[in-house]
Amino acid sequence: MVSRSVGSGTMRWYFSPKHQLHDPDREVRAGTPTPGFEVARRAEIIAAELSRDEEFSPGEVHSFDRRVIDQVHDPRMVDWLEEAWAECRPFSEHREIIPDVFRHAGLSIGEGHAREPRDKPMARLGFYSFDSMTPIVEGTYEASRSAVDVALSALDEVLETRGVAYGLCRPPGHHASTAMIGGYCFFNNAAVTAAEMARRLGGPVAIVDVDYHHGNGTQSIFYDRDDVFYASLHGAPSRAFPYFLGYAEESGVGAGAGWNHNVELERGVADDEYLYLLAQITETVHARGVVGVVISLGVDTYMNDPISDLALSLSAYFPAGRLLRELALPTVVVQEGGYDQADLGINVRSFLRGVGGLDRLDQD
Ligand SMILES: [Zn+2]
């Protein structure tokens with residue numbers, strides 16, 4: 001007899017083919033155009049894997065009003081992203097738009113905000129970007145909106161069932177902050193979902209970020225707030241993207257003091273140590289007394305991931321999911337990273353079977 005996820009009989013998952021509208025062919029690393037890692041095929045691989053598991057049932061994705069996004073992102077950034085490709089298009093001979101100047105903190109006076117260069121499209125692109133690995137193409141805005149719709153559709157399901165649901169979001173979101181894109185991310189799907197979840201449940205919620213990379217965007221969005229507790233375990237920023245945030249001493253400010261929790265991982269961390277640290281995080285989240293949880297699921301912690309340096313095996317993901325299930329809270333899982341295409345699908349599916357209360361797969 002197979003145990004079932006709470007309330008639904010099978011585990012609901014949400015997916016939009018509109019993600020394919022964000023289809024850059026290249027990103028720029030060390031000044032060199034290279035094939036991108038965050039490609040549309042990633043989401044198709046995961047969708048195919050879940051489609052052949054009859055205990056996962058697809059849910060209907062609804063369109064949500066932009067106001068939900070504006071609760072987390074600066075509306076001026078949302079306006080800009082909608083126009084960015086069209087206004088920058090005349091300045092590039094490629095279909096991807098990539099910035100060449102960035103708003104460095106050293107270009108601001110004190111705490112003052114730099115002025116948005118509204119009449120200079122490429123400078124405006126640099127005003128809202130922090131790296132050269134996050135190209136914008138014609139369909140980026142629409143795809144990014146669809147990723148938020150996917151996450152919020154999963155949230156609706158979870159608020160109804162008090163169970164677990166999965167949003168196969170692409171593009172990912174956890175590097176995007178209030179008014180900044182980067183790290184393959186445009187809208188912060190997890191942050192939008194968590195803010196809305198806290199509002200609708202009427203109590204604090206947690207985001208547990210298990211992606212290899214620190215979710216700098218999520219951290220910064222909630223850094224001075226006590227409605228969302230952010231907990232992340234990730235490659236130490238002293239060697240891992242995004243490099244400038246994610247240190248253990250970053251614990252929140254003001255009302256958010258104590259509401260941010262970073263655990264730095266050394267290179268080569270494998271299953272046992274990882275699961276031990278994740279269990280500790282689970283206890284920390286439990287102690288916060290939150291009433292819901294959003295999981296930023298990245299499987300770039302995998303040993304074969306091409307851009308990361310941990311050593312998790314295929315066997316790590318089911319127990320990782322199972323640990324988070326022990327929170328026994330309404331849970332939305334949103335997809336972040338994971339770039340080893342060979343085992344991306346099975347690792348996501350294993351995690352989801354763990355968090356969804358389904359049986360372990362034989363091949364684990
Ligand atoms: Zn990542």
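Hydrogens, waters and symmetry mates are skipped; everything else that's a heavy atom, side chains included, is used. Counting convention: from 1, in listed order, for ligands and their atoms alike.
- Residue contacts to the Zn ion (ligand 1): D300 brings an N, O or S atom closer than 2.8 Å.
- No other N/O/S atom of D211 lies as close to the Zn ion (ligand 1) as OD1 does.
- For F187 and H73, the ring centers sit closer than 6.0 Å to each other.
- When ring centroids are compared, Y247 and H214 stay outside the 6.0 Å threshold.
- Taking the six-membered ring where the residue is Trp, Y243 and F241 present perpendicular rings, their angle passing 60° and hence far from 30°.
- The Zn ion (ligand 1) has an N, O or S atom of H213 under 2.8 Å away, backbone or side chain.
- Checked against a 6.0 Å centroid threshold, the rings of Y128 and F102 do not count as neighbours.
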